[in-house]
Enquirer: 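Can you read through this structure? Questions will come right after.
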Protein chains: 2
Amino acid sequence: MPGDAAMDQPPLGRRAQQRQQRLAQILAAAEQVFATAGFEGASMAAIAAAAGLPKANLHYYFGTKEALYAALLEELLRLWLSATDAIRPDSAPDAALESYIRAKMEWSRSRPHASKLFANEVLRGAPLLSAHLAGGLRAQVEEKSAVLRGWIAEGRMAPVEPRHLFFAIWAMTQTYADFETQIRLVLDVPALGEREFEDGVATVLRLVLGGLALRA
Amino acid sequence: MPGDAAMDQPPLGRRAQQRQQRLAQILAAAEQVFATAGFEGASMAAIAAAAGLPKANLHYYFGTKEALYAALLEELLRLWLSATDAIRPDSAPDAALESYIRAKMEWSRSRPHASKLFANEVLRGAPLLSAHLAGGLRAQVEEKSAVLRGWIAEGRMAPVEPRHLFFAIWAMTQTYADFETQIRLVLDVPALGEREFEDGVATVLRLVLGGLALRA
DNA sequence: GTCTATACGAAGATAGAC
DNA sequence: GTCTATCTTCGTATAGAC
């Protein structure tokens with residue numbers, strides 16, 4: 001990309017790259033600490049220790065603890081909103097919902113910290129997220145709900161309130177990240193692995209596809 | 001009740017009653033504050049303000065913040081473990097599961113703070129609850145799972161991993177308490193009311209009973 | 001840009017009067 | 001038993017040397 005200012009000046013580009021690496025390094029540590037300790041429970045010292053940096057550096061890059069937290073939420077929100085692509089009017093209902101469920105479950109498996117971070121934020125009343133929930137998320141839910149209502153009207157799936165169906169799917173899939181501790185203790189396994197996620201996917205698929213008369 | 005020591009001595013009895021009232025007053029305030037702020041986010045000053053007492057009184061009755069939090073968890077745990085009674089070998093599978101789902105959803109409606117408190121605790125890794133989760137809860141899940149496996153073996157419901165079915169039901173019902181903020185914003189309503197919980201119950205019942213081939 | 005040392009405030013806990 | 005005043009710790013944030 002020859003118009004990129006950062007690439008035109010190797011010294012500056014290297015510095016910018018260093019900067020991006022530091023930012024990512026801090027954000028990764030913050031994701032982990034905020035996820036399990038919550039906003040109030042997480043200390044800048046703990047995040048700094050997880051990132052392997054003195055805590056003054058965190059303030060140099062992000063200013064305040066809340067700014068770091070907000071930047072993290074902002075970054076993770078993009079991933080969050082990019083999983084419903086499979087639900088389109090021309091899709092087959094069963095394949096679309098199965099794809100969506102598998103994507104959500106994979107998100108819980110690969111990014112449990114991100115899911116826990118959102119859970120903590122919503123539990124707190126979503127002070128930094130309510131605008132996004134009432135904006136982008138609501139709009140996306142309305143759009144996809146319209147698709148589902150179309151399928152229902154065509155008799156291609158059982159009648160259900162689409163928005164509540166989304167709440168149910170979110171809950172069932174995210175619980176494998178947010179309530180991992182509880183699931184692990186009840187199942188008496190040291191950690192959730194392939195087996196547990198396969199059983200989870202199978203259960204959710206049975207309830208959703210079976211409940212909506214999309215398979216035997 | 002004539003053998004009751006508290007009733008035999010009116011002055012002492014009245015004092016004990018006063019004490020119980022204070023304890024309940026503080027626990028109710030603590031439930032509300034801990035639920036939305038989490039353990040670290042909640043301050044003794046905030047709980048004291050919610051209870052209408054000076055914060056020194058909280059320390060007089062409970063000693064430390066952690067002891068207050070532990071007492072609260074202990075108290076709520078009893079309610080938590082008392083909802084699966086409907087699932088018994090001689091029950092009809094559809095009626096038993098419907099009764100269980102309605103009980104769990106009613107719990108989310110009437111005691112959202114308690115649900116949020118548990119959610120916060122589990123998100124933190126359940127430092128004060130892991131013994132109960134690996135003990136009483138696991139035992140109860142195993143017992144009820146055996147009942148479900150019996151029904152499956154008799155061909156009375158579709159095959160499903162019973163423990164994961166419980167995880168799914170817990171997630172779908174508790175989400176109306178824990179993620180109330182998100183649901184409220186997506187639905188664009190000022191608060192969750194009769195309508196929203198009816199839609200929620202209908203959705204969960206459809207997925208579970210339909211998914212397990214317990215109704216059309 | 002990086003890090004040590006520190007200022008400032010908030011919160012848990014207690015002392016001691018009433 | 002109750003409450004005000006205070007002690008102490010801890011965490012955020014910054015100052016200032018390198």
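Source: prediction; values computed, not measured. Letters A, B, ... are given to chains in the order of the sequence lines, protein chains preceding strands, and every chain is numbered from 1.
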Enquirer: Anything under 4.0 Å to a heavy atom of chain B counts; send over the first and last such nucleotide of DNA chain D, read 5' to 3'.
Expert: dG1(D) to dT4(D)
Enquirer: Output all residues satisfying salt bridge (charged side-chain N to carboxylate O under 4.0 Å, His left out) with Arg102(B), sequence neighbours left out; order by chain, then residue number.
Expert: Glu98(B)
Enquirer: Would you please name every residue forming a side chain to side chain contact (heavy atoms under 4.5 Å, CB included) with Leu81(A), sequence neighbours left out?
Expert: Leu77(A), Leu137(A), Gln140(A)
Enquirer: Where each residue is assigned the nucleotide of DNA chain C containing its nearest heavy atom, which of Tyr60(A) and Ala42(B) is assigned the position nearer the 5′ end?
Expert: Tyr60(A)
Enquirer: Residues of residues 25-41 of chain B with any non-hydrogen atom less than 4.0 angstrom from an atom of DNA chain D: list those, numerically ordered, please.
Expert: none
Enquirer: Keeping to residues at least two apart or across chains, list the salt bridge (Lys or Arg N to Asp or Glu O under 4.0 Å) pairs with something in residues 28-38 of chain B.
Expert: Glu31(B)-Arg111(B)
Enquirer: Got a sec, which residues hit ring-ring contact (aromatic ring centres under 6.0 Å, His included) with Tyr69(A), two or more places apart in sequence or on another chain?
Expert: Phe34(A), Phe39(A)
Enquirer: Are Arg149(B) and Glu161(B) ion-paired here, with the side-chain N under 4.0 Å from a carboxylate O?
Expert: yes
Enquirer: Under 3.5 Å, sequence neighbours excluded: what are the donor-acceptor pairs made by side chains of residues 40-49 of chain B?
Expert:
from     : atom 1 : to        : atom 2 : distance (Å)
Glu40(B) : OE2    : Arg124(B) : NH2    : 3.4
Ser43(B) : OG     : Ala46(B)  : N      : 2.9

Enquirer: For residues 185-205 of chain B, which residue pairs qualify under salt bridge (Lys or Arg N to Asp or Glu O under 4.0 Å), counting only residues two or more places apart or in two chains?
Expert: Arg138(A)-Asp188(B), Arg195(B)-Asp199(B)
Enquirer: Give the rounded distance in Å between these two atoms: CZ of Phe62(B) and C1' of dG12(C).
Expert: 16 Å
Enquirer: At 4.0 Å (heavy atoms only), tell me whether Tyr61(A) reaches a base, stays on the sugar-phosphate, or touches nothing.
Expert: sugar-phosphate
Enquirer: Scan residues 66-86 of chain A for pairs that pass salt bridge (Lys or Arg N to Asp or Glu O under 4.0 Å), counting only residues two or more places apart or in two chains.
Expert: none
Enquirer: For DNA chain C, find the residues of residues 47-59 of chain B with a heavy-atom distance under 4.0 Å and give them by number; none if there aren't any.
Expert: Lys55(B), Ala56(B), His59(B)
Enquirer: With ring-ring contact (aromatic ring centres under 6.0 Å, His included) as the rule and sequence neighbours excluded, what pairs involving residues 116-149 of chain B come up?
Expert: Trp80(B)-Phe118(B)
Enquirer: List the residues meeting ring-ring contact (aromatic ring centres under 6.0 Å, His included) with Trp151(B), not counting sequence neighbours, and say none if there are none.
Expert: none
